[in-house]
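So the structure is just underneath, and the comments pick up after that.
A note on names: the letters A, B, ... follow the listed sequences, proteins ahead of strands, and every chain is numbered from 1.
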2 protein chains.
Amino acid sequence: MATIADVAKLAGLSRATVSRVINNHPYVTDKKKQLVYQAMKELEYYPNSSAQRLRKQKTDTIAVLVPNLTNPFFPFLIEGMEMIAVENHLQLLICQTQQDKDKELTFLNLLKTKQVDGLIFTAIKNDLETIASYQECGPIILCNEYQSEAKIPIIRLDQYKGSYMGTRFLIEKGHRNIAYCGGAEGELGADRQKGFMDAMKESRLEVDSKSMFRYPPSIDSGKKVLREILAMENKPTAIFAGSDEVAAGIVKEAKSFKLRIPEDIAVMGFDDLPIAELVEPSLTTIRQPVKGIGKKTMEIMISMLANPSTNIENQVYELPIELVIRESI
Amino acid sequence: MATIADVAKLAGLSRATVSRVINNHPYVTDKKKQLVYQAMKELEYYPNSSAQRLRKQKTDTIAVLVPNLTNPFFPFLIEGMEMIAVENHLQLLICQTQQDKDKELTFLNLLKTKQVDGLIFTAIKNDLETIASYQECGPIILCNEYQSEAKIPIIRLDQYKGSYMGTRFLIEKGHRNIAYCGGAEGELGADRQKGFMDAMKESRLEVDSKSMFRYPPSIDSGKKVLREILAMENKPTAIFAGSDEVAAGIVKEAKSFKLRIPEDIAVMGFDDLPIAELVEPSLTTIRQPVKGIGKKTMEIMISMLANPSTNIENQVYELPIELVIRESI
DNA sequence: CTGAAAGCGCTAACAT
DNA sequence: ATGTTAGCGCTTTCAG
């Protein structure tokens, strides 16, 4: 493998000049520039990025911590982030935490070991104090998941509004006994739940604690929820699911029990992922502009990278959220 | 940020000894080891990975090129790879090519710039010669996607067998006019198609060239295929879809046209992803042990990394594939 | 506009 | 068992 010294020698110039050409610095004669390019091509030279990183003390890489990639929400989020990242010559290092506290810490160490310049959380298992302490090593952003007392910038949607809106819709459709299946942890989950609760309270509807479920967002969780509901005495007529995956599981299981949707049981999703349109009946759901959050998050990251001095204490950015009406309610 | 020199000074030892402790080398007294640990903790020392990489001339990172992550096939594949990778202290750098030839080349350069030690393709847009030329920079593996004349190790399933098996099943169910929707490029797609064709030929069934579709694996492709089929004069009674996504799209669209499945039209999927169970009716499909391929691929990568001298010219590894019977046929 | 030289932080001979 | 030292390949002052 050729090094910068080889190129310099072949071009009859110094390593400094070659470096200047590589990095598009001004003040290099066109003639010498051509000489360098030629030598680089001849030697099939490519700069060694470890050396560059060590010298420049930056990696142009951002770690993105997601619980997993099999939940389609995250690939879409990442797609949004990546659109902005590539424009800014940043690389994403995608890290699956699998909801594991220790894995999360391991990935946080990417910041300490200078393997990445910044880090984005899309779910948190550790407490904020722990995480906040890593901020000295580089910018950290919370995306989607959040906790308001954090001294960490946050990009999120108004979850409260989303679930409030969804619940109102269910109530307007005549439902009185509505079950709720959360899943998201932290304040995001709490906000969603609060939106649900407030909408119910506003209409003077009671919420049975037995109809409040808390399962991770997956198809299987949805199936489980439905079975548990069927075993209840005072069966809810509608379910507000925490995600389209859960809602899809509920729908699927309901049909295996020959229940009609929405007549026997109505289901509200959350996210509006492709799966929402696919299941039969298709899901009425709360649309989150997932890619939009991803983009916004990366934009903030970039501005933090460019401007490390900014005080970003507890900034919250919010994006719109809307109700998509289909067939499941 | 503390460096190894700081730790050495505080511990009253040389940098070499500290390095030995970091890298778990033998021949360090327990006493001194403790001294080092203590100093590291006190200074909150973490080794700079750029420096380690530059010095060791390896990154312990493998690039995985996928078309995208929104097609659930790839997250599952990655999950398999990652299981093996973490066990071996390897990091995955997931790269979305978006089916773009140039992006693919950009990612290939990760090898040249020494940013990764090896690289795995799960889809190829460039020709093999181009790719093969990068092999001098580190091991390259083709996973799933393949071309048999490649001088590159390949991990794949017997696609021919899969589609042959599926088509036989369709024929046994009485179908005579069967449409086929491929999508995968290269020989993988060709093999699948050949399996289909051979099964048809064996039963002396004709294949109308108009019923041979070639669309990328997505729900929308499926919808499109169904609409085109409905516009045909001599309508097929069954469709062999190239993926569960396509099959799901077909099923969805068929129902919007009030067609019954499998009575009016039967659909065979490919992959057996969660979506296969979710749609109504659930998909009869060809199960690929996706995670298994991922694991196997990473195992090969690791052995290539450990044993760079091995001649891995055109090795093919195959894994079992099976028919999963559900409701769509 | 170009070159010389210092050094980013670490590891691996080599020496003891 | 531990320390000394020479780089890994690159960028960036500082001179000129």
Expressed as a whole number of angstroms, how long is the span from [X]:[atom1] to [N]:[atom2]?
X: A:Arg53; N: D:dC8; atom1: CZ; atom2: C1'; answer: 16 Å
X: B:Ile4; N: C:dG7; atom1: CD1; atom2: C1'; answer: 16 Å
X: A:Met40; N: D:dG9; atom1: CE; atom2: C1'; answer: 15 Å
X: A:Arg15; N: C:dG7; atom1: CZ; atom2: P; answer: 14 Å
X: A:His25; N: D:dT12; atom1: NE2; atom2: C1'; answer: 9 Å
X: B:Asn24; N: D:dA1; atom1: CG; atom2: P; answer: 16 Å
X: A:Leu54; N: C:dA6; atom1: CG; atom2: P; answer: 18 Å
X: A:Leu35; N: C:dG3; atom1: CG; atom2: P; answer: 10 Å

Original post:
Any side-chain heavy-atom pair from A:Thr17 and A:Leu35 closer than 4.5 angstrom?
Top reply: no

**OP:** Mark yes or no for whether A:Glu299, through its side chain, and A:Ile84, through its backbone, hold a donor-acceptor pair below 3.5 Å.
**Re:** no

Subject >> Any donor-acceptor pair under 3.5 Å from B:Gln135 side chain to B:Ala132 backbone >> reply: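 Looks like yes, one N/O pair under 3.5 Å.
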
Subject >> CD on B:Gln91 to OG1 on B:Thr61, rounded to 0.5 Å >> reply: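 Answer rounded to 0.5 Å: 4.0 Å.
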
I want to verify a distance call: between [options], whose nearest atom is closest to the [X] side chain?
X: A:Ala16; options: D:dT4, D:dG9, C:dA4; result: C:dA4
X: B:Thr29; options: D:dA6, D:dT2, C:dG3; result: D:dT2
X: A:Pro47; options: D:dA1, D:dC10, D:dG3; result: D:dC10

Under 4.0 Å: is that the gap between some side-chain N or O of [X] and OP1 or OP2 of [N]?
X: B:Lys114; N: D:dG9; value: no
X: B:Lys56; N: D:dC8; value: no
X: A:Thr3; N: D:dG9; value: no
X: B:Tyr45; N: C:dC10; value: yes

Subject >> DNA chain D: 5'-proximal contact among B:Gln57 and B:Ser14 (nearest heavy atom) >> reply: B:Ser14

Original post:
If each of B:Pro26 and B:Ala51 is mapped to the nucleotide of DNA chain D with the nearest heavy atom, which maps nearer the 5' terminus, i.e. the 5' end?
Top reply: B:Pro26

**OP:** For B:Thr17, answer base if it contacts any base atom (sugar-phosphate contacts may also be present), sugar-phosphate if it contacts only those atoms, and nothing otherwise; contact means non-hydrogen atoms under 4.0 Å.
**Re:**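 It contacts sugar-phosphate atoms only.
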
**OP:** Check A:Gly138 against A:Leu111 and note the closest heavy-atom contact, atom names and distance.
**Re:**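 Answer, listing the atom of A:Gly138 first, then A:Leu111: O-CD2, 4.1 Å.
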
